[in-house]
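Data block below; observations after.
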Amino acid sequence: MKNILLIGASGFVGSAILKEALERGHSVTALIRDPAKLTIRHPNLNAVSGNASSADEITCTAKGMDVVISAYNPGWKNPNIYQEILATYPAIIAGTKRAGVGRLLVVGGAGSLNVTPGRSLIESGQIPASLLPGVKGLAEVYSRLLIPEKELDWVFFSPSAELFSGERTGNFRLGKDDLIVDGQGQSRISVQDYAAAMIDEMEHPAHHRERFTAGY
């Protein structure tokens, strides 16, 4: 059993990760602004009211944890999503280090993945304009904050281009820097399988200070 600090546990991806972790018998502390938003009740779940943008709060909450998993997202409809992502992730990184937790797993975006050699999904023009600020924010977390980070054993886990609520099949492929597409040219994975792959990585670390991805 691992002791996990999960940031963003009430969100679309965070809630799937929470469910997967609890079902595998791990102990989860969820740092969340409003614990009432959590719909899951479980003896291994401890909801703590806190602010992900405060390095001090993360430090206090993360002490004694084996790993920090961040599914932080201020909301895709938030007009300040880009600014808030880039203002909050330095606190998450700093708080994790100060707490003495060596492992940080970050829910990334697909935007920085390559669709052709040297050309990212962002650069391809395929991402809707309404999503671009958040996608660019996550891409810059990877390029500006994580790549230079040499103390933490971090991972930036990018989903496929389409992340949807579906089934947990356990049947997916892993990749590194290139967008995974199926035989029809689609890049898809259910959030349930994404969560399974995230907890697989937590239980059996295979990636260190790098990005990886998953898809069908």
When you check the gap from the basic side-chain N to the acidic O, do Arg211 and Asp177 get nearer than 4.0 Å? yes

Heavy-atom donor-acceptor pair, Asp182 side chain to Gly185 backbone, under 3.5 Å: yes

Between Gln192 (side chain) and Gly166 (backbone), is there a donor-acceptor pair under 3.5 Å? yes

Quick one: CD1 on Ile58 to CG on Asn51, what's the gap to the nearest 0.5 Å? 8.0 Å

How many angstroms lie between atom CG of Leu121 and atom OG of Ser187, to the nearest 0.5 angstrom? 7.5 Å

Expected output: side-chain Glu162 to main-chain Ile189 donor-acceptor under 3.5 Å: no

List in chain and number order the residues that pass salt bridge (Lys or Arg N to Asp or Glu O under 4.0 Å) with Arg144, two or more places apart in sequence or in another chain; answer none if no residue qualifies. Glu140

Can you name the residues that form a ring pair (Phe, Tyr, Trp, His ring centres under 6.0 Å) with Phe212, not counting sequence neighbours? Phe157, His207

Is the distance between the ring centroids of Phe156 and Tyr142 under 6.0 Å? yes

Tyr72 side chain to Ser53 side chain, donor-acceptor N/O pair below 3.5 angstrom: no

Any luck finding a side-chain donor-acceptor pair between Ser190 and Tyr216 under 3.5 Å? yes

Say whether Glu203 and His26, considering side chains only, have a donor N or O and an acceptor N or O under 3.5 Å apart. yes

Dump the intermediate steps for side chain to side chain donor-acceptor pair (under 3.5 Å) on Ser70 and Tyr89, then the final yes or no. CA-CA 9 Å; Ser70 176; Tyr89 262 101; 2.8 Å; yes

Between Asn114 and Ser120: side-chain donor-acceptor atoms closer than 3.5 Å: no

